[in-house]
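Read the structure below first, then the notes.
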Amino acid sequence: MPRKLRSATAVLTFAALLATPPHAEEFRKFEGHGGPVMDVAVSPDGATVLTGSFDYSVGVWGTTTSPPRWLEGHRAAVNDVAFLGADRAVSGGDDFTVILWDLGTGAALHQMDGHKAKIASVRPAPDGARIASASWDGTVRVWDAATGALISTLEGHKGGVNDVIWAAGGARLISAGTDGTILEWDPGADSPTRILAEHGFGVNRLALADDEGWLAYGAVDGGTRVLDMATGDELADLTLDRRPVLALSLSRDGSLLAVGDGEGYIMVVGTDDWSIAYDFRAALNGPIWALDFTADGQGILAGGIADEAYLWPLDAAADTPRMAELKREFHTDPNAVSNGERQFLRKCSICHTLGPDGERRAGPSLYNIFGREAGGLAGYRYSPALQNSDLVWTDETIDQLFDVGPDVLTPGSKMPMQQIASPQDRADLIAFLRRETTE
C-alpha cells in the first residue's frame, strides 16, 4: 500500500506552515512575480522561501516580509536558487551569472561571471565554503563562497550541463548533461573520475541521498531512475509515461522523493520501498520546473508556468487548487482578439504590461511608450546597452525592432531575439499599442 503522512493542526503564519505539519485543508499561494516561477527553495530552518522567476527577480518570502522582498540583480530569467546557510543565498540565471546575496540587507555580495551560456543549476557545498554552478556552456564551475573567486572549471560533458550536486560530504561533485551522461568529479580535477550513467537522452535533474548512498535522476524521455553510488547499479526504475522530468526534490529526512514533469504532475515516492505515496496533477497547464519539500516533509512547494508558486499539504494535495489558469494570455484564441492584440499577446505579454500599474514583469511597462527614450522609464533596471542608447520609440523604430530583431537594433539589451515577418502584422501591433498605451 502507498505510504501516507500524518496530518496535524492548521496554523496561519507562513513560517509556522513551513516548520510544522500543515492541516489537510490548508495550502498557500506565493503571489507577486511577473513571470513563470523557475525554482523554489526552503531555508534550513523552514521559515523562509526563495523563488526565482522569469521576471529576473528572486523573491524572499517569510513572516516578516509580506509582500516579499525582491533581490534584483540578474539581467535575465533566474533559473535556480539555493540557501547558503541562514543569512545568504545564491542564484543563477539566463544572463550567464551567479549571484551571492546577503539576505539581511538584500545586497549582492558577489557576482560571479565567466560562464558563456545560461546557468541551469547552483549548489552550495555542505560546508558552505564553495558553490558549484552548471551551465549550458558545457562546464561546471566551482567558486569560493567567501570571495566569489573561481576555484576550478570542470569540462567533460559533450553538451550543456543541466544539474550539479555535491557528494561524499563535499569531496565529490556529480553532474548531469544534455548528452545523457552523469559524471562524477574530484572538484579540483581536470577530468571526471568516472561515468555513473549513460542514459541516452538528456538528464535534467539529480537528487542525492549521500548517507544512504543512492542517486536519483530524471531525464528528457521521462526516465526516472535510482542508482547505487558505489556500484552504479540500478536500484529502482520510477519511470511513468510522462515526459520530460524537469524537477526532483528529496525530503530532509530522505524518506520521500518528489518528481515533477512536463505534463504538470508531481509524483512522491517513499524511498524505503520505492512505492508511490502521492501522485497528483499540480498544474492545469504547463510543466513543473520547481520543487522543494517543507522542513517536515509533509508539504511540497512547486512552480511552473504560472506567475505564482504553490504550497500543498501532501495529505490533501489531490483535492486542493492547481497552479495556473487553463491558458496564459498568449494562448488566447486568435479569433477572439484583433490581429494587433494577438501579436502583443504572442510576442510581448509575458514580459510587458500596457498600463501604469507597475506590475512586475521581465520588461518595463509599455504605458506611454511612444516618444519615450529606449532606456527612459524611471525605476526599471535597464541593461547598459539601453541606458546608453539614444533610440526613441516611435512607429518607425518599433517597426524596425520587430523587422530586424532586438539583437540588431538594440544589441546587448535584455530583449529576447524575436521578429515579426509580416509588415501588416507589425503595423497592426503598432496600432494596438498606440490605442492601448497612450493617455
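Everything quoted here is computed from the prediction, not taken from an experiment. Basis for what follows: all heavy atoms, side chains included, without hydrogens, waters or symmetry-related copies. Residues take their numbers from the sequence shown, with the count starting at 1.
- Residues satisfying the salt bridge (charged side-chain N to carboxylate O under 4.0 Å, His left out) test with R172, not counting sequence neighbours, are none.
- Side-chain contact between V259 and L240 is absent, with no heavy atoms from C-beta onward closer than 4.5 Å.
- Applying the salt bridge (charged side-chain N to carboxylate O under 4.0 Å, His left out) test to K29 and every residue at least two apart in sequence or in another chain returns E31.
- Side-chain atoms of D186 do not come within 3.5 Å of backbone N or O of T193 as any donor-acceptor pair.
- Using modelled atom types, one side-chain atom of S43 and one backbone atom of T48 make a donor-acceptor pair closer than 3.5 Å.
- The main-chain N or O of P364 is found under 3.5 Å from a side-chain atom of H352 such that the two form a donor-acceptor pair.
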From CA spacing to verdict: side chain to side chain contact (heavy atoms under 4.5 Å, CB included), L366, L433
CA-CA 8 Å; L366 302 183; L433 291 176; 4.0 Å; yes
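- Not a single donor-acceptor pair under 3.5 Å links the side chain of S251 to the backbone N or O of F293.
- No donor-acceptor pair closer than 3.5 Å links the side chain of T181 to the backbone N or O of L183.
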Starting from the C-alpha separation in whole Å, work towards a yes-or-no answer on side chain to side chain contact (heavy atoms under 4.5 Å, CB included) for V245 and T239.
CA-CA 9 Å; V245 173; T239 304; over 6 Å; no
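- Pairing each heavy atom of A302 with each of I288, the nearest pair is CB-CG2, 4.4 Å.
- For V90, the side-chain contact (heavy atoms from CB on, under 4.5 Å) partners are A82, V98, L100, V122, P124, I131, not counting sequence neighbours.
- D94 meets the side-chain contact (heavy atoms from CB on, under 4.5 Å) test with A76, A77, N79, K118; sequence neighbours excluded.
- For the pair S135 and H115, the tightest heavy-atom approach, listed with the atom from each and the gap, is CB-ND1, 3.1 Å.
- With a 4.5 Å cut-off on side-chain heavy atoms, L173 and L154 count as touching.
- Around CD of E373, the count of heavy atoms belonging to other residues, nucleotides or ligands within 6.0 Å does not exceed 12.
- The distance from atom CG of L429 to atom CZ of R342, rounded to the nearest 0.5 Å, is 12.0 Å.
- For F201, there are no ring-ring contact (aromatic ring centres under 6.0 Å, His included) partners at least two apart in sequence or on another chain.
- We find the CG-CD1 distance between L238 and I276 to be 8.0 Å, quoted to the nearest 0.5 Å.
- Counting heavy atoms from C-beta on, the side chains of Y380 and S365 never come closer than 4.5 Å.
- Between H33 and W70, the distance from one ring center to the other falls under 6.0 angstrom.
- Contacts classified as salt bridge (Lys or Arg N to Asp or Glu O under 4.0 Å) and involving residues 279-292 (residues at least two apart or in different chains) are given here: R242-D279.
- A salt bridge (Lys or Arg N to Asp or Glu O under 4.0 Å) check over residues 191-204, counting only residues at least two apart or in different chains, returns the pairs E184-R194.
- Rounding to the nearest 0.5 Å places CG of D95 at 8.5 Å from CZ of R75.
- Note that OH of Y217 is 10.0 Å distant from CG of L206, once rounded to the nearest 0.5 Å.
- Taking both residues in full, the closest heavy atoms of A282 and I266 are given as CB-CD1, 3.5 Å, listed atom of the first, atom of the second, then distance.
- Within the model, atoms CG of D296 and CG of D253 stand 9.5 Å from one another, a figure rounded to the nearest 0.5 Å.
- Every residue two or more places apart in sequence or in another chain was checked for a salt bridge (charged side-chain N to carboxylate O under 4.0 Å, His left out) with D211, and none qualifies.
- Residue pairs meeting the salt bridge (Lys or Arg N to Asp or Glu O under 4.0 Å) criterion with at least one partner in residues 119-128, sequence neighbours excluded, are R123-D163.
- Using the six-membered ring where Trp is involved, Y310 and W312 have ring planes that are tilted, between 30° and 60° apart.
- Inter-residue side-chain proximity for L314 and I300 is flagged as met; some heavy-atom pair is nearer than 4.5 Å.
- In this structure the side chain of D237 never reaches within 4.5 angstrom of the side chain of W274, judged on heavy atoms.
- Partners of T153 under the side-chain contact (heavy atoms from CB on, under 4.5 Å) rule, at least two apart in sequence or in another chain, are T139, R141, L150, E155.
- A pairwise comparison of heavy atoms in V37 and W289 identifies O-CE3, 4.0 Å as the closest pair.
- Between the R243 side chain and the G223 main chain, no donor and acceptor come within less than 3.5 Å of each other.
- The ring pair (Phe, Tyr, Trp, His ring centres under 6.0 Å) contacts involving residues 151-185 comprise nothing, where partners must be two or more places apart or lie in separate chains.
- At least one donor-acceptor pair under 3.5 Å links the side chain of Y382 to the backbone N or O of L377.
- Judged purely by atom type and a 3.5 angstrom limit, S53 uses its side chain to pair as donor or acceptor with the backbone of P36.
- Here the side chains of L248 and L291 are not in contact, with every heavy-atom distance at 4.5 Å or above.
- Shortest non-hydrogen contact noted between H199 and D221 is NE2-OD1, 2.8 Å.
- The nearest pair of heavy atoms linking S91 to W101 is OG-NE1, 2.8 Å.
- For N162, the side-chain contact (heavy atoms from CB on, under 4.5 Å) test picks out W136, T178, N204, with sequence neighbours left out.
- Between the side chain of D39 and the backbone N or O of D80, no donor-acceptor pair lies under 3.5 Å.
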Might you work through the side-chain hydrogen bond (donor to acceptor under 3.5 Å, both in side chains) test for S57 and E72, ending with a clear yes or no?
CA-CA 5 Å; S57 301; E72 308 283 5; 2.9 Å; yes
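- Contact check for V42 versus R252: side-chain heavy atoms found under the 4.5 Å cut-off.
- Note that the CG atom of N285 and the CZ atom of R322 stand 14.0 Å from one another [nearest 0.5 Å].
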Test side chain to side chain contact (heavy atoms under 4.5 Å, CB included) on F432 and E341 and set out the steps.
CA-CA 6 Å; F432 171 78; E341 183 174 358; 3.5 Å; yes
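- A donor-acceptor pair under 3.5 Å is absent between the side-chain atoms of R205 and the main chain of A176, judged by distance alone.
- Within the 4.5 Å cutoff, the side chain of M267 has no heavy atoms near those of the L257 side chain.
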Evaluate N368 against T437 for side chain to side chain contact (heavy atoms under 4.5 Å, CB included), listing each step before the verdict.
CA-CA 5 Å; N368 282 337; T437 66; 6.0 Å; no
